[in-house]
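The next block holds one structure in the form of structure tokens; read it before the comments.
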Amino acid sequence: MNPNQPNILSGNILIVDDIPDNLNLLSTILTERGYEVGKARNGPMALMSAKTEPPDLILLDINMPNMNGYEVCDRLKADNKTKAIPVIFISALDEVWDKVKAFNVGGVDYITKPFQGEEVLARVANQLSIQALQRALKKEQEKSENLLLNILPQAIVEELKQNQTATPIQFEQATFLFADIVRFTPMTSTMPPVEVVNLLNQVFSTFDRLAKQHQVEKIRTIGDSYFVAGGIPIVRNDHAEAIAQMALDMQQAIARFQWPNGEPLALRIGINTGGPVVGAVIGTQKFAYDVWGNAVNIASRMESQGEPGRIQVTAATYKQLHDQYEFEQRGAIAIKGKGEMIAYWLKGRKS
């Protein structure tokens, strides 16, 4: 063993052995290579130390009084706080069944006494390297999952992780909101494209935060149009109320933004409650979650035939909310493909 050889990996290692000479020898070998070392002379001390300050790796003897190494490892693996710590058994027992039992209780490696220092260092470094790779892989998986969560609803991401496919689901009742920035095209026609994109990003990021706050699902944006749903893909009974409050907060939020000439931005919002509708992931590349159904189309018509700065809702939504919110009846309006429908203006929550 060359004690001056540089150590590529660092780590905190707990040595568990009831014989002081073994503890001291292993401690010297590891500390000379740059590792931090903790010691425990029996099983209970090892368990307490591992829970109090979990090490990166444990070197564990088998033949110890009161609690042998197999029992220690078994308890470590049964505890959520310590189950991920790799355990290398180091023992004078050299029978095959001893090693098999060590692996069966959760050991990752087995060193037979008497040992060579370089063998111990090599096996320790190998396990720490594996742990480092696993942590890096987990970090990359979390990045990928967070990216998916920015594209798809969490329930759909979980289904894709488990089944690699997402099954289309029919929802019997939900509430839908479409919002459109008033006079967007003429007002942006003279603006540099980068400024237009920056403005939309600021506005829609604000709406995204509101959607998260009200636990409703942003479905998509097209140009300056923002589409959000309540009760999809997670079913909830108060979907109409959640969307109504979202709409009111959106109207307050948009007033904080201005066009380059100082004129405030305004929204036209339409809401409808109904079903059934179907939610599904479409495509295999650049896929997206979307919702289809007559209730969605009517919500879109409520927006396109609304008025600047106002929230227009259908009679179905009014029926769900009239006890909690103030409304003004607009009257009958002609809806393409539907004929005349009674519409209402959502004014605010009742005091």
Flag side-chain contact, heavy atom, 4.5 Å: Leu321 against Tyr344: no

Pairwise distance NZ(Lys218) to CE(Met246) - rounded to 0.5 angstrom: 9.5 Å

Heavy atoms from other residues, nucleotides or ligands near CD of Glu172 exceed 12 (cutoff 6.0 Å): yes

Testing Gln320, Arg349, His214 one by one against Glu241 for a side-chain hydrogen bond (donor to acceptor under 3.5 Å, both in side chains), which residue passes? Arg349

Rounded distance [0.5 Å steps], CD in Gln131 versus CG in Asp56: 8.0 Å

Under 3.5 Å donor-acceptor, Ser49 side chain and Met45 backbone: no

Single-linkage hydrophobic cluster, 4.5 Å side-chain cutoff, Leu60 and Phe115 together: no

Closest heavy-atom pair and its distance - Asn272, Ala295: ND2-O, 3.0 Å

Is there a side-chain contact between Leu121 and Glu118, using heavy atoms and a 4.5 Å cut-off? yes

Tyr110 vs Leu93 side-chain heavy atoms within contact, under 4.5 Å: yes

How many angstroms lie between atom CD1 of Ile243 and atom CG of Leu248, to the nearest 0.5 angstrom? 11.5 Å

For Asn237, does the CG atom have more than 12 heavy-atom neighbours from other residues, nucleotides or ligands under 6.0 Å away? no

Taking the six-membered ring for Trp, are Phe327 and Tyr318 parallel (under 30°), tilted (30 to 60°) or perpendicular (over 60°)? perpendicular

So CG of Leu14 and OG1 of Thr82: to nearest 0.5 Å the spacing works out to 11.0 Å

Closer than 4.0 angstrom, basic N to acidic O: yes or no for Lys99 and Asp94? yes

Quick one: does Val124's side chain get under 4.5 Å of Leu59's, heavy atoms only? yes

Rounded to the nearest 0.5 Å, how far does CD of Glu95 lie from OG1 of Thr112? 10.5 Å

Just checking Lys350: does its NZ atom have more than 12 heavy atoms from other residues, nucleotides or ligands closer to it than 6.0 angstrom? yes

Among the clusters formed by ILVMFWY side chains lying less than 4.5 Å apart, do Val16 and Met48 turn up in the same one? no

Is any side-chain heavy atom of Leu267 less than 4.5 Å from a side-chain heavy atom of Ile181? yes

Would you check if the side chain of Ser205 reaches a backbone N or O of Gln202 as a donor-acceptor pair within less than 3.5 Å? no

Given side-chain hydrogen bond (donor to acceptor under 3.5 Å, both in side chains), test Asn80 with Lys83 step by step and report yes or no. CA-CA 5 Å; Asn80 286 331; Lys83 67 181 181 181; 3.2 Å; yes

Is there a path of hydrophobic side-chain contacts, each under 4.5 Å between heavy atoms of I/L/V/M/F/W/Y residues, joining Ile219 to Val278? no

Heavy-atom distance under 4.5 Å between the side chains of Ile311 and Tyr325, does that happen here? no

For the pair Tyr226 and Phe207, name the ring-plane relationship: parallel under 30°, tilted 30 to 60°, perpendicular over 60°. perpendicular

Step through the shown structure and confirm whether more than 12 heavy atoms of other residues, nucleotides or ligands are within 6.0 Å of CD on Gln116. no

Should the pair Glu142-Lys139 be classified as a salt bridge under the 4.0 Å nitrogen-to-oxygen rule? no

So Trp292 and Asn297, do their side chains get closer than 4.5 Å, heavy atoms only? no

What I'd like to find out is whether the side chain of Asn24 reaches to under 4.5 Å of the side chain of Lys39, using heavy atoms alone. yes

Without swapping roles, check the side chain of Thr273 against the backbone of Ala316 for a donor-acceptor pair under 3.5 Å. no

Any donor-acceptor pair under 3.5 Å from Lys77 side chain to Ile85 backbone: yes

Same cluster for Met302 and Val296 if Ile/Leu/Val/Met/Phe/Trp/Tyr side chains link at under 4.5 Å? no

Would you say Lys113 has more than 12 foreign heavy atoms packed within less than 6.0 Å of its NZ? yes

Hydrophobic cluster membership, Val196 vs Phe257, 4.5 Å side-chain cutoff: yes

Is there a donor-acceptor pair closer than 3.5 Å between any side-chain N or O of Asn22 and the backbone N or O of Asp17? no

For the CZ atom on Arg310, are there more than 12 heavy atoms of other groups (residues, nucleotides or ligands in this structure) within a distance under 6.0 Å? yes

Closest non-hydrogen atoms of Gly293 and Val277, given as atom of the first, atom of the second and distance, are CA-CG1, 4.0 Å

Distance col, row His239:NE2 vs Arg236:CZ, nearest 0.5 angstrom, shows 9.0 Å

Please determine if Arg123 and Glu119 form a salt bridge, counting it only when a charged side-chain N lies under 4.0 Å from a carboxylate O. yes

Side-chain ion pair, Arg268 and Glu303, N-O less than 4.0 Å: yes

So, does Gln305 use its side chain to make a donor-acceptor pair with the main chain of Ala334 at under 3.5 Å? yes

Aromatic plane relationship, Phe178 with Phe227 - under 30° parallel, 30 to 60° tilted, over 60° perpendicular: parallel

